[in-house]
Asker: 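Provided herewith is a single structure, encoded as structure tokens, for subsequent inquiry.
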Amino acid sequence: MASWEDNVRKVVPYVPGEQPKEKNIIKLNTNENPYGPSKRVLEKAVELEKLKLYPDPAASELVETIANYHGLNNNQVFVGVGSDDVLAMAFMTFFNSGKKLLFPDITYSFYDVWAELFNIPYEQIPVDCDFRIKAADYYKDNGGVIFPNPNAPTGIAEPLSFVRDILDHNKDVIVIVDEAYVDFGGESALPLIDEYDNLLVVRTYSKSRSMAGLRIGYAMGNERLIKYLNDVKYSYNSYTMNMPSIILGKESILDDEYFKETVNKVIDTREWFKGEIEKLGFSCPPSAANFLFMTHSRLSAKEIFETAKANKIYVRYFNKPRIDNHLRVTIGTREEMETFLELLKSIV
Ligand code: PMP
């Protein structure tokens with residue numbers, strides 16, 4: 001190794017779900033929403049002739065629209081390039097005590113990657129045998145807490161009382177609730193941000209808003225938290241939000257009817273599909289997300305994953321302890337799920 005390599009930051013990167021180049025596939029592997037953005041968003045795309053200009057570094061129109069939608073002030077909202085960017089900024093901004101950041105062992109697999117990248121000590125706390133996070137495990141001294149609610153890849157949502165319990169026992173650190181999937185049936189911690197100035201709630205456009213390709217995420221919390229996040233952002237890259245994200249992101253929020261309609265379609269399809277796979281002997285925890293975390297007592301998840309792929313159906317398989325006989329299956333359209341169901345029937 002050349003000597004300069006001694007001083008390179010060496011990390012084990014996060015592995016995103018596969019984005020296949022193959023045509024005519026059924027893609028149920030990265031929790032996208034099959035319905036696409038509202039027509040209003042697509043119509044707004046014609047305004048993009050302004051691209052020669054720099055975008056508004058504060059993304060004010062988008063921030064204001066999101067703030068109004070949630071009944072907040074503009075200074076309670078921070079926007080970023082997908083919630084991955086928002087979360088990475090939050091890790092950089094808030095977890096600097098030198099104490100361990102706490103999060104579940106079965107959860108979004110980017111948390112440990114950011115912790116490693118930013119040299120944040122951390123502890124992954126085992127969820128119980130039903131994959132539930134136990135609030136009491138988070139009562140100990142720590143440098144911060146983060147968890148998704150609903151959790152991923154399990155889909156399990158904990159009630160607001162659970163979040164409050166964690167907050168009541170963690171008043172001196174920042175607690176981040178990653179609500180990437182909350183619109184599909186979870187209970188949001190947003191009503192608690194006025195009561196707890198150390199709570200940051202993070203959302204994304206990638207799932208319920210069906211706009212994963214645009215990359216928009218946002219955080220909501222006390223104005224001091226948001227100011228600290230903005231200070232870090234402006235010390236790194238002032239123009240994180242590109243002009244299409246600002247214009248089209250705003251338009252998506254304005255078409256609430258379409259948003260609710262497509263989210264409800266996903267929920268209906270999820271519940272129907274869950275009932276059908278249970279008849280085939282699969283089981284999965286109750287999901288409040290746009291995916292199911294399914295397992296079968298007799299069949300190998302890895303083999304189903306491979307057979308599905310050979311049939312041009314992509315689902316997610318994690319080769320990790322405790323979950324290596326589960327599949328995480330995104331809820332696609334009813335037709336896509338019917339095709340997958342037929343395949344499962346033939347396998348069973
Ligand atoms: N949080 C969780 C729990 C997720 O599953 C994902 C999706 N990979 C994200 C955050 C990031 O989503 P995005 O960057 O597309 O907003």
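Ligands are counted one by one from 1 in listed order, and the atoms in each one are counted from 1 as well.
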Asker: Could you tell me whether Tyr205 approaches ligand 1 through its side chain, its backbone, both or neither, with non-hydrogen atoms closer than 4.0 Å?
Answerer: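 Neither part.
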Asker: Would you call the rings of Tyr108 and Tyr111 parallel, tilted or perpendicular, taking 30° and 60° as the class edges?
Answerer: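 Correct class here is perpendicular.
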Asker: May I ask you to check whether Phe305 and His326 place their ring centres under 6.0 Å from each other?
Answerer: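 His326 vs Phe305: aromatic centres not under 6.0 Å.
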Asker: Tell me the nearest of Thr204, Asn31, Asp178 to atom 1 (N) of ligand 1, using heavy-atom distances.
Answerer: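 Checking each option, the heavy atom nearest atom 1 (N) of ligand 1 is found in Asp178.
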Asker: Please could you name the atoms of ligand 1 that Arg215 approaches to less than 4.0 Å, counting only its heavy atoms?
Answerer: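 Going through ligand 1 atom by atom, the ones under 4.0 Å from Arg215 are 13 (P), 14 (O), 15 (O).
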Asker: Counting the benzene-type ring for Trp, do Phe118 and Phe95 have ring centres under 6.0 Å apart?
Answerer: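 Between Phe95 and Phe118, which both carry aromatic rings, the centre distance is not below 6.0 Å.
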Asker: Mind checking whether Ser206 has an N or O less than 3.5 Å away from an N or O of ligand 1?
Answerer: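 Such a contact does occur with ligand 1.
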Asker: With atoms numbered from 1 as shown, which atoms in ligand 1 lie under 4.0 angstrom from a non-hydrogen atom of Ala180?
Answerer: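 Answer for ligand 1: 1 (N), 2 (C).
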Asker: Any idea which protein heavy atom is nearest atom 11 (C) of ligand 1, and the distance to it?
Answerer: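 Checking every protein heavy atom, the shortest distance to atom 11 (C) of ligand 1 gives Asp84 OD1, 3.1 Å.
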Asker: Quick one: nearest non-hydrogen protein atom to atom 12 (O) of ligand 1, plus distance?
Answerer: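 Checked against all protein heavy atoms, atom 12 (O) of ligand 1 sits closest to Ser83 OG, 3.3 Å.
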Asker: Quick test: of every protein heavy atom, which one is nearest to atom 5 (O) of ligand 1, and how far off is it to 0.1 Å?
Answerer: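 Answer for atom 5 (O) of ligand 1: Tyr181 OH, 2.7 Å.
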Asker: Salt bridge check, Lys99 against Asp141: does any charged N sit closer than 4.0 Å to a carboxylate O?
Answerer: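 Looking at Asp141 and Lys99, the cut-off is met.
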Asker: Below 30° counts as parallel, above 60° as perpendicular, anything between as tilted: where do the rings of Tyr54 and Tyr239 land?
Answerer: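 Answer is parallel, since the angle falls under 30°.
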Asker: Testing Glu276, Glu278, Glu271 for salt bridge (charged side-chain N to carboxylate O under 4.0 Å, His left out) with Lys274, which one passes?
Answerer: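 Answer after filtering Glu276, Glu278, Glu271: Glu278.
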Asker: What atoms in ligand 1 come closer than 4.0 Å to a heavy atom of Gly82?
Answerer: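 Matching atoms, with element in brackets: 14 (O), 16 (O).
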Asker: Starting from atom 7 (C) of ligand 1, what is the nearest protein heavy atom, named by residue and atom, and what distance separates them?
Answerer: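 Result: Lys207 NZ, 3.0 Å.
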Asker: Do Glu338 and Arg334 meet the salt-bridge criterion of a basic N to acidic O distance under 4.0 Å?
Answerer: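 Yes, this pair counts.
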Asker: How far is atom 8 (N) of ligand 1 from its nearest protein heavy atom, and which residue and atom name does that atom have?
Answerer: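 Going by distance alone, atom 8 (N) of ligand 1 is nearest to Tyr108 OH, 3.2 Å.
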Asker: State whether Lys27 and Glu336 are salt-bridged, where the test is any N-O pair (Lys NZ or Arg NE/NH1/NH2 against Asp/Glu carboxylate O) under 4.0 Å.
Answerer: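 Result for this pair is no, no salt bridge flagged.
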